[in-house]
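Since the structure comes first, as C-alpha cells, the remarks are kept for the end.
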Amino acid sequence: MSEPTRVETLIAPACWDLGAAYGLIAELLVNPEFRDKDRIDLNRGKIAGSAPGEIIEDFLASPASRDVDEYTQTLELSPPCPLYFGAYMYEEPSSCRGAGASGRNAYMIELAAVYAHFGLELGDSELPDYVPVALEFLAISIERSEHDGIGLRRRLLDTLIQPGIAPLRKALQKYECAYDMLFDALQLVVEEDLERMSDDPIWLPPEVEATIPQRREMPESTPQQTHGRKKP
C-alpha cells in the first residue's frame, strides 16, 4: 500500500480521541498536588501527535505546570482568574436578591439540567460551570450518544461552553499564566468536536425555535380549463 500524500494527510479527518483530550485538560486543571498521574499519562498517549497534544506537551514542559503556588495564587484562592466559565460570561449580581434571577444562575441551571440528562449528577459542593466539571462532562457524554437524539450536547458546547473560553484566556494572558496553553489546546479540541458534530441536529429552546420563519406550503395549482377548445 502506498504512503498517503501530503494533501491526503492534510484533508484526512482527525482520528485522535476527543474524550481523552477533554479528560486530560480537566485533570491538568486540578491542583498539581492532587492530579492523577496515571490518567494523565494514559490520555497523553491517546492524543499524541495531535495539535492539542503538542500544546499540552509544551505546557507540561513548563515548570509552572507543576508549581503549586502558581496554581493556587492564580486559579484557586480568591483568584484573579477563577476556573468558572460563567464568571466570564455574566455580570456578578449587585445584591443577594438579584443572584437568584441573574443570568449566571439561569446558565448554571441549564448546564446542570444537561448534565443530568446524560446521567452526570454533581456533588453538593460542585458548581456546574467549574471548568474541570464541564470538561469531564464533555469527555463522558461522547460515549453516551444514545442520550442525545435532539442535539443537546452540541448546543451546550456551542452556546454554553465555547463562548467562555476566549474571555478566560484573556484573563490568563493578562497575568502571563502558563495555564493559558491548556485553554489554547481546549479551543482546538472544541473546534474539532463541533466539526465532527456539524451534521448533527442542535437543540433550540422553544422560544428561539418559534422565531425561525417556517417555509410556507404553496397551494396546488388548479388545472386550467380549455372551455371546449382542443389543445393544439
Side-chain angles (χ1 to χ4, degrees), residues 14 16-32 34-35 40 43-44 47-92 102-104 107-108 110-111 114-115 126-139 141-142 153-198:
W16 44 272
D17 190 324
L18 285 170
Y22 284 126
L24 177 56
I25 297 171
E27 193 66 43
L28 291 173
L29 286 172
V30 172
N31 189 305
F34 306 111
R35 291 174 185 162
I40 289 172
N43 285 335
R44 285 172 70 185
I47 64 169
S50 67
E54 294 298 321
I55 296 171
I56 291 171
E57 291 303 316
D58 289 342
F59 168 76
L60 290 170
S62 167
S65 69
R66 302 177 295 278
D67 189 327
V68 175
D69 290 337
E70 165 89 6
Y71 181 94
T72 302
Q73 293 171 11
T74 310
L75 304 174
E76 198 167 60
L77 298 178
S78 299
C81 305
L83 288 177
Y84 295 91
F85 282 125
Y88 302 91
M89 299 167 65
Y90 296 93
E91 294 287 341
E92 288 293 327
S102 69
R104 185 178 177 189
Y107 166 75
M108 289 196 291
E110 184 173 359
L111 281 174
V114 177
Y115 296 168
E126 293 179 315
L127 293 178
D129 66 340
Y130 181 50
V131 175
V133 167
L135 300 189
E136 292 289 2
F137 165 77
L138 291 171
S141 58
I142 287 177
R153 187 178 181 278
R154 183 179 172 191
R155 169 179 163 76
L156 178 138
L157 191 59
D158 190 41
T159 65
L160 305 180
I161 300 297
Q162 188 178 39
I165 296 175
L168 204 165
R169 289 195 66 192
K170 184 177 180 180
L172 290 168
Q173 291 164 1
K174 179 179 178 181
Y175 291 91
E176 299 181 349
C177 180
Y179 284 84
D180 176 51
M181 285 188 277
L182 292 183
F183 287 92
D184 186 13
L186 176 61
Q187 182 63 53
L188 295 179
V189 177
V190 167
E191 290 172 359
E192 175 62 26
D193 198 354
L194 287 170
E195 176 63 26
R196 295 188 195 184
M197 291 192 289
S198 59

- Message: What I'd like to find out is whether the side chain of Val133 reaches to under 4.5 Å of the side chain of Leu127, using heavy atoms alone.
- Response: no
- Message: Tell me whether Gln173 at atom CD has more than 12 heavy atoms from other residues, nucleotides or ligands lying less than 6.0 Å away.
- Response: yes
- Task: Could you tell me whether a side-chain N or O of Arg104 sits under 3.5 Å from a main-chain N or O of Met89, the two making a donor and an acceptor?
- Result: no
- Query: Between the side chain of Tyr88 and the main-chain N/O of Arg169, is any donor-acceptor distance below 3.5 Å?
  - Reply: no
- Quick one: do Leu156 and Tyr115 satisfy side-chain contact (heavy atoms from CB on, under 4.5 Å)? Show the steps, please. CA-CA 10 Å; Leu156 178 138; Tyr115 296 168; 4.1 Å; yes
- Ala139 versus Tyr22, closest heavy-atom pair with distance: CB-CB, 3.9 Å
- In terms of heavy-atom contacts, Ser62 and Met181 come closest through CB-CE, 4.4 Å
- Task: Output all residues satisfying side-chain contact (heavy atoms from CB on, under 4.5 Å) with Gln73, sequence neighbours left out; order by chain, then residue number.
- Result: Asp69
- Query: Going from CZ on Arg35 to CG on Leu29, what distance comes out if it is rounded to the nearest 0.5 angstrom?
  - Reply: 8.0 Å
- Query: In Å, rounded to the nearest 0.5 Å, how long is the span from CD1 of Ile25 to CG of Leu186?
  - Reply: 5.0 Å
- Message: In the structure I gave you, are the side-chain heavy atoms of Pro128 and Glu110 within less than 4.5 Å of one another anywhere?
- Response: no
- Gap separating the CD atom of Glu57 from the CZ atom of Arg44, nearest 0.5 angstrom: 4.0 Å
- Task: Return the minimal non-hydrogen interatomic distance between Pro32 and Val68, and the atom names on each side.
- Result: CB-CG2, 4.2 Å
- Classify the ring geometry between Phe85 and Phe183 as parallel (under 30°), tilted (30 to 60°) or perpendicular (over 60°). perpendicular
- Closest non-hydrogen contact found for Pro163 with Pro167 is O-CD, 3.2 Å
- Query: Can you tell me how far CG of Leu194 sits from CD1 of Ile161, rounded to the nearest 0.5 angstrom?
  - Reply: 11.0 Å
- Just by distance, do the side chain of Arg153 and the backbone of Val114 share a donor-acceptor pair under 3.5 Å? no
- Check step by step if side-chain contact (heavy atoms from CB on, under 4.5 Å) holds for Asp17 and Ile142. CA-CA 10 Å; Asp17 190 324; Ile142 287 177; 5.9 Å; no
- Task: Could you grab the distance from atom OG of Ser65 to atom CD1 of Ile56, nearest 0.5 Å is fine?
- Result: 11.5 Å
- Item | From Leu157 atom CG to Arg155 atom CZ, the distance as rounded to the nearest 0.5 Å | 12.0 Å
- Query: Would Met197 and Asp158 satisfy side-chain contact (heavy atoms from CB on, under 4.5 Å), going step by step from the backbone distance to the final call?
  - Reply: CA-CA 11 Å; Met197 291 192 289; Asp158 190 41; over 6 Å; no
- Go through the steps to decide whether Asp193 and Arg154 satisfy the test side-chain contact (heavy atoms from CB on, under 4.5 Å), and finish with yes or no. CA-CA 9 Å; Asp193 198 354; Arg154 183 179 172 191; over 6 Å; no
- Task: Please report the shortest heavy-atom distance between Cys81 and Leu75, naming the atom on each side.
- Result: O-CD2, 3.3 Å
- Who are the ring pair (Phe, Tyr, Trp, His ring centres under 6.0 Å) partners of Tyr179, not counting sequence neighbours? Phe59, Tyr71
- Note on the structure: Here the pair of heavy atoms bringing Val189 nearest to Ala21 is CG2-CB, 3.8 Å
- Message: Less than 3.5 Å apart, any donor N or O on the side chain of Glu27 or Asn43 sitting next to an acceptor on the other?
- Response: no
